[in-house]
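Structure, as structure tokens:
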Amino acid sequence: MRFYNTFSKSKEEFIPQNPPTVSFYTCGPTVYDYFHIGNARSFIMADVLRRYLEYKGFKVKFVMNLTDVDDRIIKKSIDEKKPSHVVSDFYANAFFEDINLLKIKPATVFPKATQHVSEMIEMIRELEERGVAYNVDGNVFYDVSKFTDYGKLSGKNIEELSAGARVEVNDNKKNPLDFALWKKAKEGEPSWDSPWGKGRPGWHIECSAMSSKHLGETIDIHAGGNDLIFPHHENEIAQSEAAHNHKFVKYWIHFGFLNINEEKMSKSLGNFLTAREILKKYSAEAIRLFFLQTYYGGPLNFSFNLLAAAEKGVEKIKNLAEKIESEIKKDDNIGLVPDFNIKYYYDEFEKVMDDDLNTPQACAVIFDFIRSANKIISETESLHVSFFIDLKKFLTETAENVFGIIHFEELYKKSAQLDGKLINLIIDLRTKLKKEKNFLLADSIRDELNKIGIELKDGKDSTTYKFK
RNA sequence: GGCGCUGUACCCAAGUGGCUUAAGGGGAAGGUCUGCAAAACCUUUAUUCGUCGGUUCGAAUCCGACCGGCGCCUCCA
């Protein structure tokens with residue numbers, strides 16, 4: 001298995017430090033608003049990567065943080081005249097609801113920044129002791145000039161960045177590129193006691209502190225959106241490696257952006273659609289398939305037409321899944337066991353997924369599988385139940401467990417709901433027959449339903465039923 | 001300006017030296033099945049991979065130049 005590592009800018013064989021365990025950290029949401037469909041891409045692709053590692057037999061410790069103290073949360077709390085934690089709790093809950101709807105597997109741990117302030121303070125103290133952090137009147141900054149490798153992830157160097165002049169001017173900083181580890185409290189902001197006085201942590205320090213607490217000082221995989229490469233991940237490296245003195249992350253994996261009208265979808269541009277909104281019109285499966293049909297690292301343009309096309313693809317999978325379920329119920333033990341090389345599809349699926357998570361190709365394998373299966377079904381009179389069990393197994397292990405683009409359990413739920421509707425439909429038709437005094441056919445319907453376990457009871461002006 | 005990604009059919013999108021005279025999904029056209037419809041299956045839909053040169057027995061795939069799109073360099077998945 002190999003992945004494109006942003007750090008080396010090349011595909012690298014994946015060898016975790018302590019197999020079969022894999023430590024995997026991914027940057028989660030800042031909970032100041034509902035997350036948008038572009039954020040959803042990162043969350044879903046991280047989810048699929050995690051699921052695939054599990055498919056391969058790894059034991060994945062998957063950590064996704066929630067940033068619940070931040071300028072934007074504070075701004076919103078002021079605008080809405082609510083305490084900061086009320087805002088962050090509200091959107092944290094919304095986040096959990098939305099990832100659940102998107103069928104994203106919950107992380108092993110969802111650490112929150114506000115619950116790790118003491119760890120962050122401890123880490124900042126270490127950085128101070130090592131002479132890479134400095135305190136200016138209660139604000140603590142990281143001194144990037146003290147970290148010789150600064151810029152190694154993003155391929156930038158300090159001179160060029162300084163020349164860029166887009167960096168915020170702050171008289172307190174020695175160097176414009178230095179970033180805040182600890183921010184002095186302002187009136188009305190959430191704050192914590194610290195060796196530097198009351199204040200709150202800077203943004204970057206939380207990921208360094210929480211990842212080392214939950215996953216150790218060197219982690220196998222760290223993932224996130226492309227825009228986090230600089231400065232966020234660069235700063236995480238600077239903090240963690242200066243504090244711990246060894247490598248922070250083995251494999252850096254970054255997800256491409258979702259564009260809308262060929263332009264990046266982002267909160268700051270205001271051109272975003274929330275995942276929540278889109279889920280009202282399209283299934284989670286369609287959204288997931290839409291993302292999976294393109295390589296995770298590249299850009300992807302969003303449109304409802306493309307989502308509708310993905311929804312059709314999902315229908316295709318579902319149609320076969322429903323066929324499989326009904327055939328398994330029939331439990332045919334005498335039919336033909338066709339010559340179907342199912343192992344080929346497993347091998348292909350793994351082969352392409354092992355090569356930097358080629359999900360588009362893997363989708364092609366699944367659709368090839370579906371076409372072959374359908375072909376056999378359409379050409380064969382009666383098929384042995386074992387064939388359908390094999391089909392279900394493959395789809396469950398790949399399309400369901402790794403991709404989350406089909407959910408067999410939900411087919412059952414749907415059919416349970418349908419049962420009631422169907423019986424009522426039959427009762428309505430039978431009522432018409434009774435009115436037409438076609439009692440022969442009406443009685444025959446009652447008898448036949450009785451035989452399959454449904455008892456009809458004709459009341460004065462309505463008919464009820466129960467399962468025997 | 002620096003760094004990174006990217007240009008493949010009507011749309012989306014894999015493939016990065018011979019297995020591919022280019023996967024898969026959607027769309028369109030025709031057919032099989034069918035009382036009708038749906039589903040499913042079959043056939044067709046890129047002699048061609050932004051443009052122009054070069055390397056090679058062989059290139060979408062490597063090299064060079066040019067043209068275009070996007071992102072990061074400031075909070076952002």
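Just so it is clear: chains get the letters A, B, ... in the order the sequence lines come, proteins before strands, and each one is counted from 1.
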Strand RNA chain B as a dot-bracket string - pairs counted if Watson-Crick or G-U with both distances under 3.5 Å, | where the partner lies in another strand: ((((((((.[[[..)..(.....]]]((((((.......))))))....[[[[[..)....]]]]])))))))....
Length of the line joining [X]:[atom1] and [N]:[atom2], which is rounded to integer Å:
| X | N | atom1 | atom2 | value |
| --- | --- | --- | --- | --- |
| A:Lys318 | B:rG25 | NZ | P | 18 Å |
| A:Phe95 | B:rA77 | CZ | P | 11 Å |
| A:His232 | B:rC72 | NE2 | P | 16 Å |
| A:Glu234 | B:rC72 | CD | P | 16 Å |
| A:Leu289 | B:rA13 | CG | C1' | 12 Å |
| A:Ile253 | B:rG4 | CD1 | P | 19 Å |
| A:Lys267 | B:rA77 | NZ | C1' | 9 Å |
| A:Asn235 | B:rC75 | CG | P | 9 Å |

Considering residues at least two apart in sequence or located in another chain, which fulfil the side chain to side chain contact (heavy atoms under 4.5 Å, CB included) criterion with [X]?
| X | result |
| --- | --- |
| A:Lys186 | A:Glu189 |
| A:Asn259 | A:Phe257, A:Lys264, A:Pro299, A:Asn301 |
| A:Glu325 | A:Lys392, A:Phe408, A:Leu411, A:Tyr412 |
| A:Glu241 | A:Phe147, A:Lys152, A:Ile237, A:Lys247, A:Phe248 |

Once you apply a heavy-atom cut-off of 4.0 Å, does [X] come out as touching a base, just sugar-phosphate, or nothing?
| X | value |
| --- | --- |
| A:Leu320 | nothing |
| A:His36 | base |
| A:Gly224 | sugar-phosphate |
| A:Pro231 | sugar-phosphate |
| A:Met265 | base |
| A:Ile229 | nothing |

Taking only residues two or more places apart in sequence or in another chain, which ones pass ring-ring contact (aromatic ring centres under 6.0 Å, His included) with [X]?
| X | result |
| --- | --- |
| A:Phe3 | A:Phe14 |
| A:Tyr91 | A:Tyr34 |
| A:His407 | none |

Side-chain (A:Asn175) to main-chain (A:Ser145) donor-acceptor, under 3.5 angstrom: no
Distance under 6.0 Å and angle within 45° of ring axis: A:Lys174 vs A:Tyr134: yes
Between [M] and [N], how far apart are the [atom1] atoms? Round to whole Å, please.
| N | M | atom1 | answer |
| --- | --- | --- | --- |
| B:rC49 | B:rU8 | P | 12 Å |
| B:rA39 | B:rG26 | P | 11 Å |
| B:rA37 | B:rG15 | C1' | 39 Å |
| B:rA23 | B:rA9 | P | 14 Å |
| B:rC75 | B:rC12 | C1' | 31 Å |
| B:rC10 | B:rU51 | P | 14 Å |
| B:rG71 | B:rA13 | P | 16 Å |
| B:rA29 | B:rC73 | P | 47 Å |

Would one find a side-chain N or O of [X] under 4.0 angstrom from OP1 or OP2 of [N]?
| X | N | value |
| --- | --- | --- |
| A:Lys9 | B:rG4 | no |
| A:Tyr296 | B:rA77 | no |
| A:Thr294 | B:rA14 | yes |
| A:Asn319 | B:rA40 | yes |
| A:Lys316 | B:rG25 | yes |

[X] side-chain proximity, nearest of [options]:
| X | options | answer |
| --- | --- | --- |
| A:Lys156 | B:rA77, B:rC73, B:rC5 | B:rC73 |
| A:Phe230 | B:rC12, B:rC73, B:rG71 | B:rC73 |
| A:Gln293 | B:rA77, B:rG25, B:rA13 | B:rG25 |

Sequence-distant partners of A:Lys281, side chain to side chain donor-acceptor pair (under 3.5 Å), two or more places apart: none
Test side chain to side chain donor-acceptor pair (under 3.5 Å) applied to A:Ser84 - qualifying residues, sequence neighbours left out: none
A:Asp68 and A:Thr114 side chains, donor-acceptor separation under 3.5 Å: yes
Distance-only side-chain donor-acceptor flag, A:Glu236 / A:Ser208, under 3.5 Å: no
Strand contacts (RNA chain B) in residues 362-384 of chain A, 4.0 angstrom heavy-atom criterion: A:Ala364, A:Phe367, A:Asp368, A:Arg371, A:Asn374, A:Lys375, A:Ser378
Upstream residue (5' side of RNA chain B) when A:Asn39 and A:Asn259 are each assigned their closest nucleotide: A:Asn259
Do any N or O atoms of the protein come closer than 3.5 Å to N or O atoms of nucleotides 15-18 of chain B, and which pairs are they?
| unit_1 | atom_1 | unit_2 | atom_2 | d |
| --- | --- | --- | --- | --- |
| B:rG15 | OP1 | A:Asn358 | ND2 | 3.1 |

Residue from A:Glu410, A:Glu400, A:Glu409 passing salt bridge (charged side-chain N to carboxylate O under 4.0 Å, His left out) with A:Lys103: A:Glu410
